[in-house]
Amino acid sequence: MTVYAYWNNKGGTGKTSLVFQSLCFYANQHPDERVLAIDVCPQANLSELLFGGLTNQGSFRLLAQQGEIPRKTLGGYFEKRLPSPFTMPAVTPSDYISTPHDFNPAIPPNVDLIAGDPLLELQSNAISTLANTQIPGTNSWLKVIDWISDLIETLEDKYDTIFIDSNPSFSIYTQIALSAADRLVLPVMADDSSRRAIQNAFSLIYGLKLPSEIYSTYAFATRLQAAERELPKVHLIAKNRLTQYMGSASAYAAVLRSIDDDIEGVLEDHPEMFTFDKVEKGIVDIRDFQTTGVVAFARGCPFYEQRSGRFDVMGKRVRVDGNYLANCVQAVQGLVAHL
């Protein structure tokens with residue numbers, strides 16, 4: 001089983017759309033595999049997409065899952081863990097898992113979901129407090145960090161591949177998500193802020209270039225490595241913001257090259273952080289989804305199911321160009337080929 005976590009610390013719907021499209025394409029191309037999506041975001045955008053998006057009652061269906069007893073969400077599972085933070089209680093995983101295809105026929109039937117939940121934000125303070133509890137002979141932080149890993153273990157290899165959509169903050173539930181992953185996918189936009197975001201990701205996850213040694217003691221990497229645990233390896237950098245016909249847009253070309261240069265430097269100094277040994281093996285260029293992405297996002301529709309033409313999106317007529325749709329399909333297929 002391989003667990004992919006998609007994360008950047010900038011946020012935005014671009015990352016979630018990329019997770020949605022890539023997991024749907026992957027599941028569609030591997031119909032004999034079981035695929036699980038875990039939405040570790042309080043906004044639960046991925047869950048809403050899988051349930052049908054804005055125009056197909058995705059929000060309503062998500063609310064229904066959150067209203068189940070127990071909540072059929074990640075928040076429901078965390079609610080079960082709060083009274084038993086350091087020992088895995090008896091759980092029934094199916095209590096927290098739904099099958100989006102039952103609600104949204106565009107989603108491959110081999111995809112299951114542990115939905116996101118705004119309750120995560122409320123739970124965050126309590127979880128952080130538990131993680132910092134001092135108990136002789138117990139690594140409280142590690143026990144809490146393992147909550148998603150514990151749940152995956154109860155699934156007993158039911159799934160072949162897991163996709164985790166991680167929140168842009170480096171909150172405790174994001175750390176719980178990242179610690180469960182084998183491989184890390186970093187979606188970035190071609191601008192200076194995303195260049196800094198990659199540098200921040202390397203600092204937050206791997207403890208690189210921290211401003212002071214004081215921080216290293218409490219760093220995510222330090223604490224996991226002290227427990228002889230593996231960090232997720234950077235598997236893919238997905239660079240966004242490209243023109244439709246010209247390759248890298250001139251306004252972004254210098255930034256794109258600087259991102260490559262930064263990664264090459266880290267790869268040379270810390271090869272153990274990566275699953276690839278050359279920059280070109282670990283970077284894919286993703287064309288900006290633009291209007292096509294907006295329509296697919298609103299409809300909860302994978303690109304391979306999307307048609308060209310005009311669509312009504314929240315009262316506005318929007319046109320999906322056939323050539324551009326084909327480019328979007330090609331872009332996601334290129335990313336999935338690297339998974």
Mind checking whether Ile172 and Asn125 have side chains closer than 4.5 Å, heavy atoms only? no
Mark yes or no for whether Ser140, through its side chain, and Gln134, through its backbone, hold a donor-acceptor pair below 3.5 Å. no
Sub-4.5 Å side-chain heavy-atom contact between Phe170 and Leu178: yes
Answer yes or no: is there a donor N or O on one side and an acceptor on the other, between the side chain of Thr291 and the main chain of Val320, under 3.5 Å? no
Measure across Ser128 and Asn132 and return the closest heavy-atom pair with its distance rounded to 0.1 Å. O-ND2, 3.0 Å
Please check if the side chain of Lys72 supplies one atom and the backbone of Ala64 the other of a donor-acceptor pair under 3.5 Å. no
So which atom in Asn139 and which in Leu142 form the shortest heavy-atom distance, rounded to 0.1 Å? OD1-N, 3.0 Å
Just so I know, are the side chains of Leu18 and Leu335 near enough to count as touching, which here means a heavy-atom distance under 4.5 Å? yes
Residues Phe51, Asn56; criterion side-chain contact (heavy atoms from CB on, under 4.5 Å); working and verdict: CA-CA 8 Å; Phe51 283 135; Asn56 292 318; over 6 Å; no
Here the pair of heavy atoms bringing Ala27 nearest to Asn110 is O-ND2, 3.1 Å
Does some side-chain heavy atom of Val111 sit less than 4.5 Å from a side-chain heavy atom of Cys24? no
So which atom in Tyr215 and which in Leu210 form the shortest heavy-atom distance, rounded to 0.1 Å? C-CD1, 4.1 Å
Ile127 and Leu120: side-chain contact (heavy atoms from CB on, under 4.5 Å), yes or no, with the steps? CA-CA 9 Å; Ile127 296 170; Leu120 292 177; 5.8 Å; no
Could you check whether any side-chain N or O of Ser98 sits under 3.5 Å from a backbone N or O of Pro100, counting only pairs where one atom can act as donor and the other as acceptor? no
Is the closest basic N to carboxylate O distance between Lys233 and Asp182 below 4.0 Å? no
Check: Asn8 side chain, Pro187 main-chain N or O, donor-acceptor pair, under 3.5 Å: yes
Less than 3.5 Å apart, any donor N or O on the side chain of Glu33 or Thr161 sitting next to an acceptor on the other? yes
Just to verify, which of Leu49, Leu54, Thr55 counts as forming a side-chain contact (heavy atoms from CB on, under 4.5 Å) with Arg299? Thr55
If the threshold is 4.0 Å, N to carboxylate O, is there a salt bridge linking Asp95 and Lys80? no
Provide the closest heavy-atom pair for Ala177 versus Ile148 in the form atom of the first, atom of the second, distance. CA-CD1, 4.0 Å
From Ile162 atom CD1 to Leu36 atom CG, the distance as rounded to the nearest 0.5 Å: 5.0 Å
Can you tell whether the side chains of Arg34 and Asp157 come within less than 4.0 Å, N to carboxylate O? no
So Ile286 and Lys239, do their side chains get closer than 4.5 Å, heavy atoms only? no
Rounded to the nearest 0.5 Å, how far apart are CG of Leu113 and CG of Asp165? 10.5 Å
Are Tyr6 and Thr16 close enough that a side-chain donor and a side-chain acceptor fall under 3.5 Å? no
Between Phe78 and Arg71, is any pair of side-chain heavy atoms under 4.5 Å apart? no
Just checking Arg310: does its CZ atom have more than 12 heavy atoms from other residues, nucleotides or ligands closer to it than 6.0 angstrom? no
Ile259 pairs by side-chain contact (heavy atoms from CB on, under 4.5 Å) with which of Asp262, Ile263, Asp261? Ile263
Spacing of SG belonging to Cys301 relative to CZ belonging to Arg307, to within rounding of 0.5 Å: 8.5 Å
Would Leu74 and Asp117 satisfy side-chain contact (heavy atoms from CB on, under 4.5 Å), going step by step from the backbone distance to the final call? CA-CA 7 Å; Leu74 186 65; Asp117 195 328; 5.6 Å; no
Closer than 3.5 angstrom, by distance alone: can the side chain of Ser179 be matched with the main-chain N or O of Gln175 as a donor-acceptor pair? yes
For Tyr173 and Glu121, test the side chains for any donor-to-acceptor distance below 3.5 angstrom and give the result as yes or no. yes
Taken to the nearest 0.5 Å, the spacing of Glu79 CD from Ile69 CD1 works out to 10.0 Å
Thr87 side chain vs Ser84 backbone, donor-acceptor pair below 3.5 Å: no
Parallel, tilted or perpendicular: which fits the ring planes of Phe202 and Phe274, with parallel below 30° and perpendicular above 60°? perpendicular
Aromatic contact between Phe289 and Phe303, with the criterion being ring centroids under 6.0 Å apart: yes or no? yes
Donor-acceptor contact below 3.5 Å, side chain Ser308 vs main chain Asp321: no
Least distance between heavy atoms, Ala180 atom then Ile152 atom: CB-CD1, 4.2 Å
Should Trp7 and Ile205 count as side-chain neighbours, where that means a heavy-atom distance under 4.5 Å? yes
May I ask you to decide if Ile107's main-chain N or O and His101's side chain share a donor-acceptor pair within less than 3.5 Å? yes
Ring centres under 6.0 Å, that's the criterion: do Tyr26 and Phe163 meet it? yes
Find out whether His30 and Val35 are in side-chain contact, i.e. whether some heavy atom of one side chain is under 4.5 Å from a heavy atom of the other. no
Quick check on side chain to side chain donor-acceptor pair (under 3.5 Å): which of His338, Arg183, His235, Lys281 does Thr275 satisfy it with? His235
Between Asp160 and Met1, is there a donor-acceptor pair closer than 3.5 Å when you use the side chain of the first and the backbone of the second? no
